[in-house]
Amino acid sequence: MKKYAYYELSVIQYILLIHGTQVGIGVLTIPRELAEQAGTDGWISLFIGWAAAVLVSLVTTNMMKRYPDKTIIDIFHLLLGKYLGKVATILMAMYFAIASIVFIANTTAIINVWILSQTPAYIIVALFAIPAYMVVQGGMRVIGRYSELVFYLTLWMPLVLATALKDAHWLHLLPLIKEGWMPILTASQTTILSFLGFEMAYFVYPFLQKKQYASIGIVVANTLTLLVYLYITIICFAFFCPDEIVEYVWPTLNLWKVIEYRFLERIDIIFLAFYLFILSTTALPYLYFTVFSTSQLFNSRDHRKHLWVLLTLITVMAWVYTPSFIDLKKMTQTWSYAGLIFAYLLPLLAWGPIWLSKRAGGKEA
Amino acid sequence: MKRFTQIILSFVLIVMLTGCTDRLNLEDATLSLMVGIDLNEKNELLFYMTSPVFSREAKEKTEEYGVRASSTRESRMGFDEIVTALTVSGKIQLIVLGKRLLQHPDWFRLLDVVFRDAKFTVNARMVMLDGSLNELFEYKPKDKPRLALHLTKLIDTANKRNLTVKTRAQEFHRQMFEKGMTPHISELKKTKHAVRVMGTALLTKKGVYAGLIEPRDTVLLQMLLHGKQGEISITLPVKGPTDQNPIIKDRVSFFIKGVKKKVKTTYRDGTFHFDVQVSLRVSISERLFPFNMEKDYKKLEQMIAKQFHKDYAQLIKKCQEAKTDPFGFGLYARAYEYKEWKKVQDDWPAAFAKATVQIKPEVSIKGNGVVK
């Protein structure tokens, strides 16, 4: 009876898949974004963003609980009927496609600035596309395992980063709440968006083996993400002076640049190369759910053909058009708004009707 | 079929990896280890660089050139025209600035490329040279390794004994942007037979040279900035109860074993007040006058504390007069008196010049060496 039984995920994979999707480019930019709006009090906003994300994630899991064996797309079809359901699925696929494309474009841009400044963007995209195909074609279970593996592989990063603490100036963080609560609240707009990724629950929930851990799992995932952001932000705030940090586009990378050993310089390059793994745990789920939605749309059970087409399209797009840094900013903005709608608004709006329909419909679903 | 696709994909991946156009063979790279920026008499910018030569046929193992250019990146073009291979800026150990250049405000903009270009290292040590850069870059000491490596070592070791600061480019960037402090870098001088560490160059907020802190005062500065770092050895004159001896003066030397700093920041009567409690744990390493340590060690502690107080007062007065705050007292002002700080943050050095700084050293002698 279970449609997705073959691909079941363990609780750890569920947590790390969602956590992996949340932690992406945000880690590189969030210290600056917070400092721009709230100075060195910005880290407090992270808690507000976390609270919002946890709240909405709980609503989402609660909603998904009503139909434990269905993804959001099946629910759309069930509730909205055939045609409206298709429209909703197309919108969903578009959201994930935008997310993947913006994400890949951003990653490529960073690589182009920091490591391979002379290499054309499409070669980098093509190099991403091949391993991406290899992982995503395996479906949910491979992606879940991949996220878990990457998490363990990158556990050394916070330890190395701690060596930057010897030059930290903790006085930067004082006084607390220097300009009142307003800037902190403004900055929490940014932090709410940096927790995007928990919307994976729409799709991941039916794959989860032990559904009783779904709520706890998503809270753990959000909290892990909060800890990562908090760690990076506080180190950056203590290391860079408050007037300086807004000068850097990716302060976290500048932080790695300073770390130096007798036998090794330019750790930022190594870090960034490794960080590609972390970035991939964001890109791959988004890619997967794009093709998952489209293949459901065409009622095909094999998502690989769609994946192949999507990746080729992205590579060709990169070849035809490389976005400038201003375009990238606009694209990211678009993604943020779309994320606000799909991740935050949708569960809040849909929860009521789904709850009611379930009540009225009894057990037929 | 599946296996076949995988093999094809892996093959494509491997073939394309070498296709990255950023590849640079080591023999095509000229690694500049030290770069310099200076002004000539006609106020034209001069850029210098030196790099090691890896060639069996070359007799000299380094090459050094100077070019006239209007910006750092433009100077790279000039270098590429003459050096053996392509200049690479990722391994620079020292950025040397001429004293003439530092007499002009806003020269810091010349370093924009260091922070904008991700390939540039930000760990180069910032150095000011009292004299002409030409002389330094031409200098080829017979008893020393390659000049750039020698100078790097010189600064690192001098810094270990706290004779000069070690300001790396990234730290310098912070000091330039931090409103609550003024930058300070190492100062060198080329003498007839050697390159000498002169101490620490004080710069104003705009980067203009404002004075020199000698090595013995740099030790005091470093203690306030970093606490105990490296090895701190201090020799102080103290009034001992001795007969007048024309050759041997009343000196006591000691190692600092530990520094604890507590800053109390207040704002009253229109100025900032900083009360700095410095507790020092010392161990005597040399004493040139007779003294009954067992009975009178308290007295010696007080004498040392008094001398410290005097030296610190002098150093701080000097910095205040030069309109600089290398200590970063502005950070304390921001942290503890934020309201008042906001009013003066754009001209902190002026506010600091009016501030009252009280350094209260507390000395406790923990060791007396292996003789009585």
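Predicted model only: the values in this text are computed from it and were never measured. Residue numbering restarts at 1 for every chain, and letters A, B, ... go by the order of the sequence lines.
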J.: Give me the one residue out of B:Met176, B:Lys179, B:Gln345 that meets side chain to side chain contact (heavy atoms under 4.5 Å, CB included) with A:Asp243.
T.: B:Lys179
J.: Taking C-beta and beyond as the side chain, do A:Cys241 and B:Gln175 meet within less than 4.5 Å on heavy atoms?
T.: no
J.: Tell me the residues of residues 159-172 of chain A whose non-hydrogen atoms fall below 4.5 Å from those of chain B, in number order.
T.: A:His169, A:Leu171, A:His172
J.: Picking from B:Glu171, B:Arg168, B:Arg334, B:His226, which has the most non-hydrogen pairs under 4.5 angstrom with chain A?
T.: B:Arg334
J.: For B:Lys342, is it the side chain, the backbone, both or neither that has a heavy atom under 4.5 Å from a heavy atom of chain A?
T.: side chain
J.: What residues form a salt bridge (Lys or Arg N to Asp or Glu O under 4.0 Å) with B:Glu74, not counting sequence neighbours?
T.: none
J.: Judged by atom type as modelled, is there a donor-acceptor pair below 3.5 Å linking the side chain of A:Arg266 to the main-chain atoms of B:Lys119?
T.: yes
J.: Can you establish whether the number of heavy atoms outside A:Phe274 located under 6.0 Å from its atom CZ is more than 12?
T.: no
J.: Between B:Arg116 and A:Glu247, is the closest basic N to carboxylate O distance under 4.0 Å?
T.: no
J.: Salt bridge (Lys or Arg N to Asp or Glu O under 4.0 Å) with B:Glu231: which residues, sequence neighbours excluded?
T.: B:Arg161
J.: Quick one: which residues of residues 106-115 of chain A reach chain B at under 4.5 angstrom, heavy atoms only?
T.: A:Val113, A:Trp114, A:Ile115
J.: Given side chains that start at C-beta, do those of A:Phe240 and B:Gln170 come closer than 4.5 Å, heavy atoms only?
T.: yes
J.: Do other residues, nucleotides or ligands put more than 12 heavy atoms under 6.0 Å from B:Lys323 NZ?
T.: no
J.: Select one option (side chain, backbone, both, neither) describing which atoms of B:Tyr336 are under 4.5 Å from chain A's heavy atoms.
T.: side chain
J.: Whether the side chain of A:Lys257 engages the backbone of B:Ala118 through a donor-acceptor N/O pair (distance < 3.5 Å, no angle test) should be reported.
T.: yes
J.: Can you confirm whether more than 12 heavy atoms, excluding those of A:Phe277, are under 6.0 Å from its CZ atom?
T.: no
J.: Within a strict 4.5 Å, meaning less than it, do heavy atoms of the B:His173 and A:Glu244 side chains meet?
T.: yes
J.: Which one, B:Val122, B:Leu331, B:Asn123, B:Thr121, leads in non-hydrogen pairs under 4.5 Å with chain A?
T.: B:Asn123
J.: Do A:Pro175 and B:Glu337 touch side chain to side chain, with heavy atoms closer than 4.5 Å?
T.: no
J.: Distance check, rounded to the nearest 0.5 Å: B:Tyr332 atom OH versus A:Leu174 atom CG?
T.: 10.5 Å
